[in-house]
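Presented below is the structure to which this report refers.
Scope of the values below: all heavy atoms of this structure, side chains included, with no hydrogens, waters or symmetry mates.
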Amino acid sequence: MTHPINLPIHQVGNDDVRSEEILVTADPRYQDDPDNGQKTVIRAAPEDRLLVDAGPGTGKTHVACHRVASLIENGVPASRIWIVSFARTAVHEIRNRLAATLEDAGDAESVRIATLDSYAWSIQSGFSAEATLSGNYDHNIQKTLSKVLKDEDVRDDLRRTRHLIVDEAQDIIGPRAEFVLAIVDVLNAECGVTVFADQAQAIYGFTEDDALSGSNGVRLLDGLVARGFGRAALSQVHRTNSPELLEIFIGVRKKVLDDSVSAAKRGAQVRGEIVRLAHEYVGPTKNLRLAELSEAALVLMRRRCDVLIASSYNQDVPHRLRMSGLPPCVPRWVGLLFWDHIARKLTRSEFHIRWHERIANGHGIPSIDEAWTLLFEAAGESDTVIDLHHLRAVLARSNPPVPFTSPEFGEQGPIIGTIHASKGREAEEVCLYLPPTVGEGSNEEANEEIRVMFVGATRARKRLSIGDSPGTHSSQAEGRVWKFVRGGVQIEVGRSYDIDAEGLVGKSAFPTQADALEAQGVLIKKPIQQRLFASADKTVGWNLALKTRDNERVGVLSRKLKDDLTTIANMSGTWPPPSYLPFIRSAGIRTIAVRPDDPRREQLHEPWCSSGFLLAPMLIGFSRTKLGDKKT
Ligand SMILES: Nc1ncnc2c1ncn2[C@@H]1O[C@H](COP(=O)(O)OP(=O)(O)OP(=O)(O)O)[C@@H](O)[C@H]1O
């Protein structure tokens, strides 16, 4: 059976999209010399154990990379150096920067860079044939900790490490802190350790919505001080030249850290100082005019609910979101290339033909050679053949490899994001919305809020504006944000499981292959769309069919979303659950990959059942809808 390629595929690129948020990787200033504080850390003896106090924008990543270069120059083998960082994106960033810093590409490859959780996993799986990743990161850390404490093979191997670098150490608490301390205790005396931390940026609550997920127990920094680590500091700020921002980065930081003042008073002081030093005051969220901001702007909110509100006020302006709970954004070029490729193998020449037929240059589109390298690194079978089954398995993971995903959700426009999701990032222009009061609640909560506010204010390189976020009360159903509004509720749409392959090209969602093809064609023709809506539809078992304003069905939302609506009805004491969700948008299209062994594959129409690649809208919405009657 052949499948004609009749989808409009020439619109992949968009050359109109200009520069976006500064991604530090490409910053030419890396050639710049380190400042004196940086030099002290970079050139310290390989066996030194240093705790480096480093405020925002003082170049921790820069120094970590140059420290590695200096260690290698001093004879430390690259493969015996570990760099452990917090987030997957940070790991990716370090890997890129290291490749640019080290002269020998082989060295850059050999240095072992991992998140704390994958570091733990590599220790565990390296020594146990039966090691299984339980899926629960905390459990995995606990299991590895007991190995580090008791298993002599594991301990011997750790003793081969010659230098350990730990970034963002201020956030490492509880079992993760015990784990790192246990490793430090095992290392040989000649193994050095360099730890970067900024207590003023510690955020222990993992999510944007938690007040605090418990910072009780062991803190890594306390443990390192108790073990006699030497102290160093990076104090020169490189992120900005703005006198006002420098005052925030340095002066306000001192206030954040001054625990001689009560948290309540300090919260008000720090908030007041940030407002005073900001370049502009922009009023409440409803005055936010995204259309007037550049692509380089980053709008920061405290909670996901605030992001959804700001996004819905600006639904007619293309923008991107950055927060937790969204699906991974595998770029559309992958789906466009492979949605109808049924064979398991793809040769380089077939790839070239497809690429030239289907992909136009443009923003976010790699060059043909870069694309091949990415595919090859993920699923190369030989220099000239890619195994697409392997590629599907890799891209179907809940966390596909970082080079294959965009950290933002959406294809163009300024970013609206949570402060949590923007840790370690920077942007030319930041617009930070502050809650009305900072410093309330328990002492620990108040301190956390002060630090979160400080992290937000220090993301700007050139310009900081401050606005007021309303501090609206919202609830969550299975992580989905919802809140009461006049006449009903507002409900988050677009969470990672809201639309899946079955809802997009499945036999239950579309009676025929032609219908599914048409729906995919609509998405590709108009990747960015306003005013989509979803309504319960008898033909799809009363699940919610997703339609364009012209009433074309582009998919069916998941059963899980329908279940969440039932939960919201129960939580609000009403019945029946909402059956109509208006004001949903598509911020672009992304690729969904289906594992070759996924049994749900059988429910898909051809060619997707065989190819395992399809396209999905990037859904965003804080849909305002009616509730049913009060339950009696
Ligand atoms: N010696 C240097 N000369 C010039 N620019 C530098 C130097 N060191 C760092 N930078 C630049 O300063 C900026 C901040 O560096 P980096 O992102 O590494 O800071 P950081 O300490 O990790 O910040 P944060 O804690 O806020 O995430 C980057 O844009 C980087 O390019």
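In this structure, the side chain of T240 engages the main chain of R461 through a donor-acceptor pair within 3.5 Å. Of the possible polar contacts, one joining the D498 side chain to the G494 backbone as a donor-acceptor pair under 3.5 Å is found. Side-chain atoms of R271 come within 3.5 Å of backbone N or O of P435 as a donor-acceptor pair. Judged purely by atom type and a 3.5 angstrom limit, R162 has no side-chain atom pairing as donor or acceptor with the backbone of G75. In this structure a side-chain-to-backbone donor-acceptor pair under 3.5 Å is missing from S110 to A78. With hydrogens and angles ignored, the 3.5 Å screen pairs a side-chain donor or acceptor of D171 with a backbone N or O of I203. Without hydrogens or angle criteria, D53 side chain to A233 main chain gives no donor-acceptor distance under 3.5 Å. Remark: the backbone N or O of C191 is paired with a side-chain donor or acceptor of R49 at under 3.5 angstrom. Side-chain atoms of R155 come within 3.5 Å of backbone N or O of V148 as a donor-acceptor pair. Under a 3.5 Å cut-off, the side chain of E426 and the backbone N or O of G57 do not form any donor-acceptor pair.
Two residues are said to be in side-chain contact when any heavy atoms from C-beta on lie closer than 4.5 Å; F409 and I416 fail this criterion. Side-chain contact between D185 and R227 is present, with heavy atoms from C-beta onward closer than 4.5 Å. Side-chain atoms of L234 and V63, non-hydrogen and from C-beta on, do get closer than 4.5 Å to each other. Between N36 and K39 there is a side-chain heavy-atom pair separated by less than 4.5 Å. Side-chain contact between D167 and I83 is absent, with no heavy-atom pair separated by less than 4.5 Å. Side-chain contact between I274 and L464 is present, with heavy atoms from C-beta onward closer than 4.5 Å. Contact of the P407 side chain with the R425 side chain is registered, since non-hydrogen atoms from C-beta on lie closer than 4.5 Å. Within the 4.5 Å cutoff, the side chain of E273 has no heavy atoms near those of the Q269 side chain.
Note that the CG atom of L434 and the CG atom of L300 stand 10.0 Å from one another [nearest 0.5 Å]. Between atom CD1 of residue I113 and atom NE2 of residue H92 there is a gap of 10.5 Å, rounded to the nearest 0.5 Å. T58 OG1 to Q236 CD: the interatomic distance, rounded to the nearest 0.5 Å, is 10.0 Å. A distance of 6.5 Å separates CG in L164 from CG in L187, rounded to the nearest 0.5 Å. Rounding to the nearest 0.5 angstrom, the gap separating the CZ atom in F454 from the CG atom in L257 is 7.5 Å. Here the straight-line distance linking atom CG of L71 with atom CG of D107 works out to 11.5 Å at 0.5 Å rounding.
Using modelled atom types and a 3.5 Å distance limit, the side chains of R459 and S422 yield no donor-acceptor pair. Side chains of E168 and Q170: a donor-acceptor N/O pair is present below 3.5 angstrom, by distance only. Under 3.5 Å, the side chains of T194 and H163 contain a donor-acceptor pair of N or O atoms.
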Steps toward salt bridge (charged side-chain N to carboxylate O under 4.0 Å, His left out) verdict (R392, D598): CA-CA 10 Å; R392 280 159 62 183; D598 187 333; over 6 Å; no
Side chain to side chain contact (heavy atoms under 4.5 Å, CB included) between H66 and Q38, worked out: CA-CA 9 Å; H66 285 273; Q38 292 181 333; over 6 Å; no
Verdict with reasoning, L51 to R231, per side chain to side chain contact (heavy atoms under 4.5 Å, CB included): CA-CA 5 Å; L51 177 51; R231 306 298 285 265; 3.9 Å; yes
V270/V438 under side chain to side chain contact (heavy atoms under 4.5 Å, CB included): CA gap, chis, key distance, verdict: CA-CA 9 Å; V270 170; V438 181; over 6 Å; no
Candidate pair K255 and D258, rule salt bridge (charged side-chain N to carboxylate O under 4.0 Å, His left out), full reasoning: CA-CA 5 Å; K255 290 204 161 71; D258 181 4; over 6 Å; no
T373 vs E377, side chain to side chain contact (heavy atoms under 4.5 Å, CB included): CA-CA, chis, key distance, verdict: CA-CA 6 Å; T373 306; E377 280 172 0; 3.7 Å; yes
Salt bridge (charged side-chain N to carboxylate O under 4.0 Å, His left out) between R176 and D117, worked out: CA-CA 9 Å; R176 285 178 177 71; D117 292 296; 3.0 Å; yes
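P436 and S469 make their closest contact through CD-O, 3.4 Å (heavy atoms, listed as atom of the first residue, atom of the second, distance). Shortest non-hydrogen contact noted between L391 and A378 is CD1-CB, 3.9 Å. Nearest heavy-atom pair across A263 and I450 is O-CD1, 3.5 Å. Minimum interatomic distance between R266 and V261 (heavy atoms only, all atoms of both residues): NE-O, 3.2 Å. Minimum interatomic distance between L374 and P403 (heavy atoms only, all atoms of both residues): CD2-CB, 3.5 Å. Closest heavy-atom contact between C329 and M618: SG-SD, 3.5 Å.
Look at E449 and R302 and you find a salt bridge, because one of the NZ, NE, NH1 or NH2 atoms lies within 4.0 Å of a carboxylate O, short of that distance. Under the 4.0 Å criterion applied to side-chain N and carboxylate O atoms, E428 and K462 are assigned as salt-bridge partners. Using a cut-off of 4.0 Å between Lys/Arg side-chain N and Asp/Glu carboxylate O, R303 and D306 are scored as salt-bridged. Between K60 and D198, none of the side-chain N atoms (NZ, or NE/NH1/NH2) sits under 4.0 Å from a carboxylate O, so this pair counts as no salt bridge. A salt bridge does not link D564 with R495: none of the charged nitrogens is closer than 4.0 Å to a carboxylate oxygen.
Within a 6.0 Å sphere centred on CG of D597, heavy atoms belonging to other residues, nucleotides or ligands number more than 12. Few gaps surround CD on E152; more than 12 heavy atoms of other groups in view lie less than 6.0 Å from it. More than 12 heavy atoms of other residues, nucleotides or ligands lie within 6.0 Å of CD in E190, so this atom counts as buried by the packing criterion. Atom CZ of R160 is surrounded by 12 or fewer heavy atoms from other residues, nucleotides or ligands within 6.0 Å.
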